[in-house]
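To start, the structure under review is shown below, and the notes come after it.
Any value given below was found using the heavy atoms of this structure, including those in side chains, with hydrogens, waters and symmetry copies removed. Model, not experiment: these values are computed from the prediction.
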4 protein chains.
Amino acid sequence: MGVKDRREREKQQRRLSIIEAAEALFSELGFEGTTMQSIADRAELSKATLYLYFKSKEELYLTVCMQGLSLFTDRLQKAVKRQRSPEAKVRAIYLAYIERSLEDPMMFRVLQDTFIERIRRNLSEETVRQISGTIRQWLEFGARLVEEGKERGIFRQDLDAYGFSLAAWRMATGLIELALLSEPMVAEPPELRRTLERSIDYLLKGACPQK
Amino acid sequence: MGVKDRREREKQQRRLSIIEAAEALFSELGFEGTTMQSIADRAELSKATLYLYFKSKEELYLTVCMQGLSLFTDRLQKAVKRQRSPEAKVRAIYLAYIERSLEDPMMFRVLQDTFIERIRRNLSEETVRQISGTIRQWLEFGARLVEEGKERGIFRQDLDAYGFSLAAWRMATGLIELALLSEPMVAEPPELRRTLERSIDYLLKGACPQK
Amino acid sequence: MGVKDRREREKQQRRLSIIEAAEALFSELGFEGTTMQSIADRAELSKATLYLYFKSKEELYLTVCMQGLSLFTDRLQKAVKRQRSPEAKVRAIYLAYIERSLEDPMMFRVLQDTFIERIRRNLSEETVRQISGTIRQWLEFGARLVEEGKERGIFRQDLDAYGFSLAAWRMATGLIELALLSEPMVAEPPELRRTLERSIDYLLKGACPQK
Amino acid sequence: MGVKDRREREKQQRRLSIIEAAEALFSELGFEGTTMQSIADRAELSKATLYLYFKSKEELYLTVCMQGLSLFTDRLQKAVKRQRSPEAKVRAIYLAYIERSLEDPMMFRVLQDTFIERIRRNLSEETVRQISGTIRQWLEFGARLVEEGKERGIFRQDLDAYGFSLAAWRMATGLIELALLSEPMVAEPPELRRTLERSIDYLLKGACPQK
DNA sequence: TATGAATGAGCGTTCATTCAT
DNA sequence: AATGAATGAACGCTCATTCAT
């Protein structure tokens, strides 16, 4: 039945437009700061309609988080493919993460929330497993690149590959957070941009000259 | 009069117990998530009593933050004094920051919140200014150590001292956040501990061996 | 669609019942003395529902006032139209003001409150401006009548037209206040009625016979 | 015992200083707008002490009101004594009432409150009887002056003496209210001052020239 | 399916009043 | 007699959620 199909498509469309509106608002105002009314307004639907698609504000939030993950994955994969050497790949993936985050701060922020204890508490085990699983995959991918680099003598032999991945990821994330603040707190935007770009070199080359 | 003294002591005690309750709740539920009622309940006082000691929720929050900051400041200062070389000082300050954070996770969490956009939006400019001012002082202190190191040839001449401080701080913070999650998401606690301790070396010595 | 019409009618009805409840309470207890809860109770609605119709207590108050003012305006306009000479017009407007006030004491009281310093302090400038603007228009209308009377030699040439309007208005208001007290304080109701009716002559003809 | 006397005197002094503080605040901020704390602050006493002298905020308010009456009486009596003719006496009493009110707006406002239904509701019968009794005495005194004037042919024979007193009193009161508004609503201060002074002539001489 | 309307529960804050000392 | 400390009850207002249509 074409009618049924159309109905189904419209329903999916509605669902997407709710998610889109929610993402924008959650990332800008946070979970508590966002009201169902504001999401409904932005999606040009009534508040009650939201509850036909998501059984609570909570569930809508989770849906938004999950959707964001795949967008990051896509970008990082592309970035990596263009490079040959492990070092270049690490650098590329690092910078792609930064770029993607600055491009779509909303998604970045919503995802960061999943690392905040009090928000995670509201997520189902399944959800947490899915999110952390995906992130772990990236980190392991990064670790493999480092291992490869170690084998080729590009990276120090005593480097802990996974730990290094973790450190790089957290450093990037932390600096991006600063860069996304609406008003600078401890550093000005241009300074932060420069630091963001150079930060991977702090990690790769170190602060101390070596003999 | 011993009576007055006792009264004064009791008052200070009450004040402290409010701060303690607030710290626990702010760290667990965030600024918006924490209600004055819940703080009062935890401190076994009435909501109105809170207002005898703090003129608003925000002032209480600021008090908690500033108290936390001074605990950090104390610790970092001590750590630095024990060392001679700039490199050792940087390392010491870095590790002291981690140690102190793991010792008092609640305080750490409350302070991190001030870097979350939507929480800052609910704080007065003055509150934000006070907190970020203190943090900036640490960062500048770190930057001065790096400069000193550069002068002595211990650090690379092309290093951006303030940027390096920022990067180190954010890396530590990000890794501590992971370590404080009640359930591991992407790494196990022992692994994280190790990574935390080594992370400063990732920054100081770099990943790539240098010729 | 009849359904929509009915809905709209019901909505207007609800709005009116809120205004009615508010008017009764504001007139009895004043602006500060009246709570949104008490208005809701009287209108048999929940407190939150009030906010679907009026965005704040003040807006509701202003609505009640402005509605009251327009009822007065209507009445005064009608009264004036039936008369020819300025003197008759002044007399008619004066008596119409009294009649309307005695008919709808609640409205009268609500409007008087806007002249009480401490109530005005709780109203926004805009609210005060709107109310006093309307009242000023009446006073100016009264003053124009007096001017006209002066031109025709009906009123004394040295009469300050606006000042005379003010005096008449305040005298009427003050006497109405007495008449509306639930228990007589300084004069019995019949006596007050008589005084109210004659009071305009005290002003027009004066107490002293003139040679 | 001199000690007991002193104690008693101090107690009375305390009581007076509370009344004084209360009067200032009640008249400026109204009953609801004034807090027991603010009265205590102004009287340089603790809040709890207020309750040793007055059993509630209500009772304190009433005490303030009652005290104001005698001050007015004194002034009006003096004003009247200086004049000979009934007309001059009426004029003098009228202007003295205005002067005294403008001099001590606080007392004026507190007394006006007793004519507001919702405040009177809280007064004991005794209190209301006392206040209205005193006012009635003034009005009757005014009425006797008018009668005297009528006998001497100074006032119109058909004048209702008591009604005329009432009208004059309410007109004065109403205009004073306007004059005491912190921001002009319907007339500027100088205009109001002029109107206040002339208003008694509107009543005595009338608006219409007589043949 | 979609929604306008309604509301219970809760927010931060204030204040008259009480009570132990 | 005086008070510092405490609090219950309320305030205006908001919001996630429900329900009749």
Side-chain angles (χ1 to χ4, degrees), chain A residues 7 10-11 14 31-40 44-60, chain B residues 1 3-4 6-8 10-11 14-15 31-40 44-61 122, chain C residues 1 3-4 6-8 10-11 14-15 31-40 43-60 122, chain D residues 7 10-11 14 31-40 44-60:
Chain A
R7 285 261 173 86
E10 281 173 2
K11 207 172 152 179
R14 201 81 93 197
F31 181 75
E32 285 116 346
T34 300
T35 67
M36 290 299 263
Q37 183 63 66
S38 69
I39 296 173
E44 297 184 297
L45 290 168
S46 88
K47 217 175 4 169
T49 303
L50 265 46
Y51 286 86
L52 296 178
Y53 292 88
F54 302 92
K55 81 175 206 299
S56 71
K57 188 183 175 185
E58 205 63 50
E59 194 188 281
L60 173 51
Chain B
M1 213 28 128
V3 174
K4 250 193 182 155
R6 183 170 50 75
R7 281 263 174 85
E8 186 54 34
E10 281 172 3
K11 203 172 157 178
R14 197 80 88 204
R15 197 184 146 88
F31 181 73
E32 287 134 331
T34 300
T35 70
M36 290 301 263
Q37 184 62 65
S38 69
I39 296 172
E44 297 185 296
L45 292 168
S46 83
K47 208 169 29 158
T49 303
L50 264 44
Y51 287 87
L52 294 180
Y53 293 85
F54 302 93
K55 75 178 207 299
S56 68
K57 185 184 178 184
E58 168 144 4
E59 194 189 279
L60 174 50
Y61 185 78
N122 289 304
Chain C
M1 211 32 127
V3 174
K4 252 196 180 153
R6 183 171 48 77
R7 282 262 174 87
E8 185 54 34
E10 280 172 3
K11 204 172 156 177
R14 197 81 88 203
R15 196 183 146 87
F31 181 73
E32 286 133 332
T34 300
T35 69
M36 290 301 263
Q37 184 62 65
S38 70
I39 296 172
E44 296 184 298
L45 291 168
S46 83
K47 206 170 29 160
T49 303
L50 264 46
Y51 287 88
L52 293 180
Y53 292 86
F54 301 94
K55 77 177 204 299
S56 69
K57 185 183 177 184
E58 167 146 4
E59 193 189 279
L60 173 51
N122 288 304
Chain D
R7 284 262 172 84
E10 282 173 2
K11 207 170 149 177
R14 202 81 93 199
F31 182 76
E32 285 116 346
T34 300
T35 68
M36 290 300 262
Q37 184 61 68
S38 69
I39 296 172
E44 296 183 302
L45 290 167
S46 88
K47 218 176 2 170
T49 303
L50 265 46
Y51 286 84
L52 295 178
Y53 292 87
F54 301 92
K55 81 174 206 298
S56 70
K57 187 182 174 186
E58 205 63 49
E59 194 188 281
L60 174 51

*NZ-CD distance between C:K47 and C:Q37, expressed to the nearest 0.5 angstrom*: 5.0 Å
*Could you write out DNA chain E as a dot-bracket string, with dots for unpaired bases, | for bases paired across to another strand, and Watson-Crick or G-U pairs counted at under 3.5 Å?*
.||||||||||||||||||||
Between protein and nucleic acid, restricted to nucleotides 6-8 of chain E and to nitrogen or oxygen atoms under 3.5 Å apart, what atom pairs and distances do you find?
from, atom 1, to, atom 2, distance (Å)
E:dA6, OP1, C:R14, NE, 2.5
E:dA6, OP1, C:R14, NH2, 2.5
E:dA6, OP2, C:Y53, OH, 2.7
E:dA6, N6, A:K47, NZ, 3.4
E:dT7, OP2, C:S46, N, 2.9
E:dT7, OP2, C:S46, OG, 3.4
E:dT7, OP2, C:T49, OG1, 2.6

_Between E:dT18 (P) and D:K55 (NZ): distance, integer Å_ = 11 Å
_Can you work out whether A:Q37 or C:E32 has the more 5'-proximal nearest nucleotide on DNA chain F?_
C:E32
*Tell me: CD1 of C:I39 to C1' of F:dC13, nearest whole Å?*
13 Å
*C:Y51 OH - E:dA5 P separation (whole Å)*: 19 Å
*With heavy atoms under 4.0 Å as the rule, sort C:S38 into base, sugar-phosphate or nothing.*
nothing
*Please report the closest heavy-atom contact between C:F54 and C:E59, naming both atoms and the distance.*
CA-OE2, 3.6 Å
*Flag if over 12 foreign heavy atoms under 6.0 Å of CD, A:E10*: yes
*List the steps and the verdict of side chain to side chain contact (heavy atoms under 4.5 Å, CB included) for B:E32 and A:F31.*
CA-CA 10 Å; B:E32 287 134 331; A:F31 181 75; over 6 Å; no
*Given atom CD of C:E10 and atom P of E:dA5, what is their separation to the nearest angstrom?*
10 Å
_Minimal non-hydrogen separation, D:R14 against D:L45, with atom names_ = CD-CD2, 3.5 Å
*Whole Å only: how far is the CZ atom of D:F54 from the C1' atom of E:dT17?*
16 Å
*Any donor-acceptor pair under 3.5 Å from C:K57 side chain to C:T34 backbone*: yes
_For the CG atom of D:L50 and the CG atom of D:L60, what is their distance to the nearest 0.5 Å?_
6.5 Å
*asked:* Of the listed nucleotides (E:dC11, E:dA16, F:dC13), which one gets closest to any side-chain atom of B:T35?
replied: E:dC11
*Quick one: closest heavy-atom pair of C:R15 and C:Y53, and the distance?*
NH1-O, 3.6 Å
*Within this structure, what is the CZ-to-C1' distance between A:R7 and E:dA2, rounded to whole angstrom?*
12 Å
_In this structure, how many angstroms lie between the C1' atom of F:dA5 and the CZ atom of B:R15, rounded?_
15 Å
*asked:* For C:E8 and B:M36, find the nucleotide of DNA chain E closest to each by heavy atoms; which residue's nucleotide sits nearer the 5' end?
replied: C:E8
*Between atom CZ in C:R6 and atom P in E:dA5, what is the gap in whole Å?*
12 Å
*Starting at the 5' end of DNA chain F and moving along, which residue's nearest nucleotide shows up first, B:K11 or C:G33?*
B:K11
_For the student: nearest non-hydrogen atoms of B:A40 and B:S46, plus distance_ = CB-C, 3.7 Å
